[in-house]
Amino acid sequence: DARCDIWSLGIAGIEIAEAGQAPLSDVHPMRALHLILRNPAPTLKEKRWSARFSEFLAACLAKDYFKRPTAEELLKHPFIAGIDDRASRALMADWVERVKNRPLKKDEDDDVDEVEQVVPDEEQQGASPSPPPVLPEDLPSSPPMPRQASVRSFRGRTRTMLDSIMSREDRAALPVSTLGRGNASAVEGSQFTSSPLVFGPIMTRAQGEGEPSFSMPEIRKFKKNFSTEVLCASFWGANLLLGTRTGLLLLDRTGDGRVYPLIRGRRFEQIETIDSLGVVAAISGKKGKLRAYSLNFIKGQILPNFKATTAMFTPVGDIEECVHFYVTRYDRMKFICAAHQSRVSVYLWAGRPYSRFMLFKDFELPHKPLMVNMRIGQDESVKMVAASRIGFHVVDIETGSVLNLFIPMPTPKAGIVPTGIVQLPVGSDGDYLLSFDRRMVVINAQGTVVRDLTTDWHDPVSSIAMGYPDLLLGWTQKAIEVRSTLTGEIQTIFQHKHASRVRYLCARNDKVFFVSVKSSMSSQVYFLVF
């Protein structure tokens, strides 16, 4: 029936009146379908419009199908019947003239840093061309969004929150996630060396009787020395994407260790590659915006004969001042949970024709979030944990209520410094390992403390990572401390002789990558092999 088009006419009226912002336009389409049914009919936000126009939109957006007027009835509405054709044409001509003469917007936003641009090594500029790195062959294209979720899939089981987005049958049609996995193997060649003289253990604890044996990891470094500070990293296939103060680089781990400049003049605080979507999620720029950079575009920056078919990036909502994000997936759905200002926002990837992350849920927190983690259980329950200056909180994603998961007592006047929210493997005695200041707490989903470990870190810890097996690695200002996750006792300390700070980057299998930064802001990338 044509009355569904009457609803679309009302939505178009709101979009025109509010400068292109249609209701729920920034919300994931499957979530929007759910909200359209549940929420009242949309209305104009501003009160400056005439009563006739407001009444016309209210008639078009009547949720009861039988109360919604037909097109013939709308032609008799005072808003349409009272239109002066001559005045309308003059007004339209005026707007067309304004659009023709308006200044063009800049292609780039105003958050680009005026910084030194990264260039390849001098020896590489004069050397013969080396073969390009081994990259993932075909970047996946996103499938179209299903028209509607299948109601039949809900029979015989409890309906979950994820069912309101997409049925299990529709989820099965999505591409398999390859997050954290590569399709190429790194060639262990001449691009790195062992570094016993620069990085070395300064203390190793003797193992007690009955304790599991500790095997000393080997430290290796890449020969390339970076003239800018490396802030973060993520794998793309077997290669390493590096976010720096001055741009985004690719370190070729499949060949001779060559570095490729990809994006210049922009600071990258955090990055994570999502191979199956063909994007790199990143916090970048002066304003700390959350964006999804296209791997198709990046591939075009590396291979001279490859023509990119996508833009450099798509924004993830209108997020600014983002301090941390976490990527998770379930049943082939990909979520980004972002902490920004005093909010935590959850975005879900929408396939073609959208091909971008769209808003799923948004929450206001009483304390500014500094770190987030999101977990979806086998029963499709969603657990979201946020860390602030006073402790750790869990957000009920269904109701939006915020509960305290763990608040250290007494809380320091200046607050705590959270350094990690680590999901423990299924079957562990707890669900999360929470790290802050000089303490580590293993806690279950109900908020019960399973283990409280006081760790006497030699310096304040900036980040932590799980090692293998049952090891926790903590990065202090100039050292890496390896501790037991069972007792918190130290196993060994690796100290750098010349670095002003060391920073964790990323990990895969038995390798943990990190960087040392000197006072001159030059950087060297290392990795631990367990």
Side-chain angles (χ1 to χ4, degrees), residues 1-106 144-149 151 164-165 314-319 343 345 347-348 350-362 364 400:
D1 195 289
R3 292 194 204 184
C4 62
D5 296 323
I6 301 300
W7 176 278
S8 300
L9 174 62
I11 296 297
I14 293 179
E15 184 175 4
I16 294 170
E18 297 182 344
Q21 293 297 320
L24 303 179
S25 60
D26 59 342
V27 177
H28 191 279
M30 289 299 152
R31 175 70 177 164
L33 287 175
H34 176 69
L35 295 177
I36 289 171
L37 295 175
R38 191 184 69 177
N39 293 351
T43 58
L44 292 166
K45 296 178 182 177
E46 300 179 357
K47 303 299 182 183
R48 62 189 179 95
W49 303 102
S50 66
R52 284 185 177 182
F53 182 49
S54 299
E55 292 168 1
F56 176 79
L57 293 181
C60 293
L61 297 174
K63 294 193 71 174
D64 189 337
Y65 171 84
F66 296 102
K67 294 181 180 180
R68 199 178 306 156
T70 63
E72 185 176 357
E73 292 170 340
L74 283 177
L75 288 173
K76 301 174 184 178
H77 192 280
F79 176 71
I80 300 295
I83 290 177
D84 185 343
D85 289 344
R86 186 175 298 177
S88 299
R89 288 172 184 167
L91 183 61
M92 290 174 63
D94 178 58
W95 275 107
V96 170
E97 192 66 24
R98 289 189 188 186
V99 171
K100 285 183 178 179
N101 297 329
R102 68 179 177 180
L104 295 175
K105 291 183 179 180
K106 295 181 180 180
M145 294 299 299
R147 292 178 180 265
Q148 62 182 27
V151 180
S164 65
I165 312 170
T314 55
V316 180
D318 56 356
I319 290 181
R343 310 190 70 83
S345 302
Y347 286 80
L348 172 63
R352 291 197 309 263
Y354 308 96
S355 297
R356 61 190 176 101
F357 282 99
M358 302 184 73
L359 184 64
F360 175 60
K361 291 273 190 172
D362 185 54
E364 181 84 24

* Expected output: side-chain Arg3 to main-chain Arg68 donor-acceptor under 3.5 Å -> yes
* Asked: When you measure from the side chain of Lys63 to the backbone N and O of Asn39, does any donor-acceptor pair fall under 3.5 Å?
  ->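 Yes: the side chain of Lys63 pairs with the backbone of Asn39.
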Pairs under 3.5 angstrom only: tabulate donor-acceptor contacts from the side chains of residues 48-62 to other protein residues two or more places apart or in another chain.
residue: Arg48; atom: NE; partner: Glu46; partner atom: OE1; Å: 2.5
residue: Ser50; atom: OG; partner: Phe53; partner atom: N; Å: 3.2
residue: Ser54; atom: OG; partner: Ser50; partner atom: O; Å: 3.2

* To do: Could I get the full list of side chain to side chain donor-acceptor pair (under 3.5 Å) partners for Asp362, not counting sequence neighbours?
  =>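 Scan of Asp362 (side chain to side chain donor-acceptor pair (under 3.5 Å), adjacent residues dropped) gives Arg343, Ser345.
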* **Nearest heavy atoms of Ile319 and Tyr347, plus distance in Å** =>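 So the minimum-distance heavy-atom pair works out to CD1-CE1, 3.5 Å.
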* Structure fact -> When every non-hydrogen atom of Trp7 is compared with those of Ile36, the smallest separation belongs to CZ2-CG2, 4.1 Å
Separation of [Y] [atom2] from [X] [atom1] (nearest 0.5 Å):
| X | Y | atom1 | atom2 | value |
| --- | --- | --- | --- | --- |
| Thr70 | Leu75 | OG1 | CG | 8.5 Å |
| Leu348 | Lys361 | CG | NZ | 12.5 Å |
| Leu9 | Ile14 | CG | CD1 | 10.5 Å |

* With Phe357, which residues qualify under ring-ring contact (aromatic ring centres under 6.0 Å, His included), at least two apart? ->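 Counting only residues at least two positions away or on another chain, Phe357 forms a ring-ring contact (aromatic ring centres under 6.0 Å, His included) with Trp349.
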